Peer 1: 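Shown below is the structure under consideration.
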Amino acid sequence: MSTVLSGLDVLLQKSPRFLRDARIGVIGHQASVDSRLRHIIDLLRERKASLTAIFAPEHGLWGTAQDQIPITTQKESTSQLPIYSLYGDQRVPTQEQLAHVDVLICDLQDVGSRYYTFIWTMALALQACARHGKKFVILDRPNPIDGRTLEGPVLDLNYASFVGLYALPVRHGMTIGEIGQWINATYQIGADLEVIPLQGWKRSMEFAATGLPWVPPSPNMPTLDTALIYPGGCLIEGTNLSEGRGTTRPFEWVGAPYLSGDAVARLMNSEKLPGVHFRACYFEPTFHKFQGNLCGGVQMHITDRATIKPFFTVLSLIKRIFEEYSTSFAWRDPPYEY
C-alpha cells in the first residue's frame, strides 16, 4: 500500500467541481496512473468527466517513440478524441486546440533532471493557458531522486533550449508542481494555476519509499537506478560515447568500440567516488550510437543512493576518457542540440 498519494490520487479523492462542470484537456503519458495503476484517461472517463482533448509530450502518450523523434497528432482508440502532439512541428497548445477546453490538467512523471523535457512541456502549456484564459492544473508527483539534493550548474539562459528553458540547476530537487509554481510566480506568467499536492511525501524520500508504482515515463527510463544516474548520464549524449541506448541499461552503461572496459573501470574505481562502483562491461547496441558494434565500457553500479553524485560522477568519467583516449574521443559535431 502506498504511503504517499499522488496528485492524481488526491484529485480522485477530493473530486473538485471542475471535474463535473468543466470541459477538460489532459497532458499525459503512460506513467499518468494512480496508486492502483489506473490511467488518468480511463479514470476521468469513469467519472463521467467531459474530456475533450488529450495532449502528448515527447515519446507520445504511450511512450513508444525514441528520444528526439517527432510525434504526430493521432486519435485516441476508444473515444476518437484528438491526441495533440506537443513534440513535433509545434510544442505549445494552440488557441484552436484549447478552444473546447476550460481546464487543462497536466499529469506527467518527471525524473528530477533539467534535461528531461516533460517539465518544459508543462511550462509551455502553462504559458499557453495564461495567454488563452484557461485554468491550468498540475497533478503533483514525487521527484523520484529526492527533493533536497541539488547538483550541477544553474542554466545560463543564453543557452536556453527545450532541455532547459529557465534557470534551474541540473539536479533541481523540485516536483513538477513546484516548478510550475516557481515559473508562474518568478517569471510573472499570470496563469490561473492550481497544483493538486502530494499527500505524505517528504523531501528526503526517494521514489521507492513512497509505495507508489514506478511506470517508466519514457522508453529509456526503465528503473529508479536509471533516474538517479540520469543527471550525469545524459551528458554522454553530447559525446561520441554510447550512453547505453539500444541496451537494457541506458545511461548506466557507457562505452564505445575504442574503449577498454577493464582499463576504464580501473581508472574510475581508483578515484574512489562516493556511492558508485564501475564494472567493466561489453555491449552491442541494437539501435542508436554504434548500432551492431561491440562496445567496451563500464556499468555504473549504485552502491549508496544517499551519497552518489551522478553529475560529478559522469563528468569525472568523461574527463578520464578524454585524457586517456584523446585521439578517439570527440564531442558530437555539429553541436548537440534539442
Side-chain angles (χ1 to χ4, degrees), residues 67-68 111-116 145 149-156 158-161 163-164 168-172 220-221 225-247 249-285 287-304 307-338:
D67 65 307
Q68 302 186 69
V111 298
S113 296
R114 184 181 72 216
Y115 330 107
Y116 211 56
I145 58 174
T149 306
L150 306 182
E151 244 198 304
V154 173
L155 178 67
D156 179 341
N158 289 314
Y159 300 98
S161 72
V163 288
L168 287 178
V170 171
R171 184 176 178 182
H172 50 68
N220 291 288
M221 197 59 60
D225 279 357
T226 320
L228 185 51
I229 287 290
Y230 184 74
C234 190
L235 296 172
I236 301 297
E237 292 188 4
T239 74
N240 69 344
L241 299 166
S242 167
E243 65 271 20
R245 292 185 190 272
T247 77
R249 286 292 179 177
F251 302 108
E252 296 173 55
W253 286 355
V254 175
Y258 60 83
L259 293 185
S260 162
D262 294 301
V264 175
R266 281 195 302 272
L267 283 169
M268 293 310 300
N269 287 325
S270 72
E271 296 202 8
K272 301 189 184 306
L273 298 174
V276 64
H277 180 81
F278 294 84
R279 180 185 63 84
C281 68
Y282 295 85
F283 58 90
E284 187 176 297
F287 60 86
H288 218 266
K289 296 177 193 170
F290 306 122
Q291 178 180 355
N293 292 294
L294 182 64
C295 295
V298 290
Q299 179 173 356
M300 291 174 278
H301 289 264
I302 298 170
T303 58
D304 188 337
T307 62
I308 186 173
K309 301 296 182 190
F311 183 83
F312 182 74
T313 295
V314 178
L315 207 60
S316 300
L317 175 61
I318 293 172
K319 176 178 179 290
R320 291 309 292 263
I321 292 173
F322 174 82
E323 291 170 345
E324 298 295 325
Y325 296 89
S326 59
T327 60
S328 300
F329 175 86
W331 302 105
R332 286 180 69 174
D333 184 28
Y336 179 70
E337 296 178 352
Y338 231 89

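Because only heavy atoms are used, hydrogens play no part in the values below, and waters and symmetry mates are left out as well, while side chains stay in. Throughout, numbering of the chain's residues begins at 1 and tracks the sequence. Since the model is a prediction, treat every value here as computed from it, not as a measurement.
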Peer 1: Under a 3.5 Å distance rule, please check whether Asp225 uses its side chain to pair with a backbone N or O of Met300 as donor and acceptor.
Peer 2: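 No; judged by distance alone, with no hydrogens or angles, the pair does not exist.
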Peer 1: Determine whether Leu241 and Tyr258 make a side-chain contact, defined as any pair of heavy atoms from C-beta on separated by less than 4.5 Å.
Peer 2: yes
Peer 1: Do the side chain of Arg114 and the main chain of Gly164 share a donor and acceptor less than 3.5 angstrom apart?
Peer 2: no
Peer 1: State, with a plain yes or no, whether a side-chain heavy atom of Lys319 is found less than 4.5 Å away from one of Glu271.
Peer 2: no
Peer 1: Per the side-chain hydrogen bond (donor to acceptor under 3.5 Å, both in side chains) rule, which among Glu252, His277, Arg279 passes with His301?
Peer 2: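 Checked Glu252, His277, Arg279 against His301; only one passes side-chain hydrogen bond (donor to acceptor under 3.5 Å, both in side chains): Arg279.
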Peer 1: Determine whether Phe278 and Leu267 make a side-chain contact, defined as any pair of heavy atoms from C-beta on separated by less than 4.5 Å.
Peer 2: no
Peer 1: A side-chain contact here means heavy atoms from C-beta on lying under 4.5 Å apart; do Glu324 and Leu259 qualify?
Peer 2: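 The answer is no, as the side chains (C-beta and beyond) never meet within the 4.5 Å cut-off.
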Peer 1: Strictly distance-based, threshold 3.5 Å: is any side-chain N or O of Arg249 a donor or acceptor partner for the main-chain N or O of Gly244?
Peer 2: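 No; judged by distance alone, with no hydrogens or angles, the pair does not exist.
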Peer 1: Side chains of Asp67 and Arg245: closer than 4.5 Å at any heavy-atom pair?
Peer 2: yes
Peer 1: Under a 4.5 Å cut-off applied to non-hydrogen side-chain atoms, are Ser242 and His288 in contact?
Peer 2: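 No; the side chains remain at least 4.5 Å from each other.
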Peer 1: Do Trp331 and Ile318 make a side-chain contact, defined as non-hydrogen atoms from C-beta onward lying under 4.5 Å apart?
Peer 2: yes
Peer 1: For the residue pair Ala256 and Asn240, what are the closest heavy atoms and their distance?
Peer 2: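 What the structure gives for the nearest pair is CB-O, 4.3 Å.
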Peer 1: Which is it for Ile145 and Arg171 under the side-chain contact (heavy atoms from CB on, under 4.5 Å) test, yes or no, and what are the steps along the way?
Peer 2: CA-CA 9 Å; Ile145 58 174; Arg171 184 176 178 182; 3.6 Å; yes
Peer 1: Where do Cys234 and Glu243 land on the side-chain contact (heavy atoms from CB on, under 4.5 Å) test, with the steps shown first?
Peer 2: CA-CA 7 Å; Cys234 190; Glu243 65 271 20; over 6 Å; no
Peer 1: If you define the side chain from C-beta out and look only at heavy atoms, does anything of Met221 sit under 4.5 Å from Thr226?
Peer 2: yes
Peer 1: Looking only at atom types and distance, does a side-chain atom of Tyr115 sit under 3.5 Å from a main-chain N or O of Pro231, one as donor and one as acceptor?
Peer 2: yes
Peer 1: Using every non-hydrogen atom in the two residues, find where Cys295 and Pro285 come nearest and quote the distance to one decimal.
Peer 2: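 What the structure gives for the nearest pair is SG-CD, 4.0 Å.
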Peer 1: Please report the interatomic distance CD1(Ile308) to CD(Glu151), rounded to the nearest 0.5 Å.
Peer 2: 8.5 Å
Peer 1: Evaluate whether atom CZ of Phe312 has more than 12 neighbouring non-hydrogen atoms of other residues, nucleotides or ligands under 6.0 angstrom away.
Peer 2: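 Incorrect, the count does not exceed 12.
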Peer 1: Within a 6.0 Å radius of atom CZ on Phe322, are there more than 12 heavy atoms belonging to other residues, nucleotides or ligands?
Peer 2: no
Peer 1: Would you check, one step at a time, whether the test salt bridge (charged side-chain N to carboxylate O under 4.0 Å, His left out) holds for Arg332 with Glu237?
Peer 2: CA-CA 8 Å; Arg332 286 180 69 174; Glu237 292 188 4; 5.7 Å; no
Peer 1: If we ignore hydrogens and angles and just use 3.5 Å, is the side chain of Gln299 paired with the main-chain N or O of Cys281 as donor and acceptor?
Peer 2: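 No; judged by distance alone, with no hydrogens or angles, the pair does not exist.
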Peer 1: Check Phe290, Phe283, Tyr282 against Trp253 for a ring-ring contact (aromatic ring centres under 6.0 Å, His included) and give me the one that passes.
Peer 2: Phe283
Peer 1: Set out, in order, the CA-CA distance, both residues' side-chain angles and the distance that settles side-chain contact (heavy atoms from CB on, under 4.5 Å) for Ile321 and Leu317, then state yes or no.
Peer 2: CA-CA 6 Å; Ile321 292 173; Leu317 175 61; 3.8 Å; yes
Peer 1: Under 3.5 Å, side chain of Lys289 to main-chain N/O of Thr239, donor-acceptor pair present?
Peer 2: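 Yes, because the side chain of Lys289 sits within donor-acceptor range (under 3.5 Å) of the backbone of Thr239.
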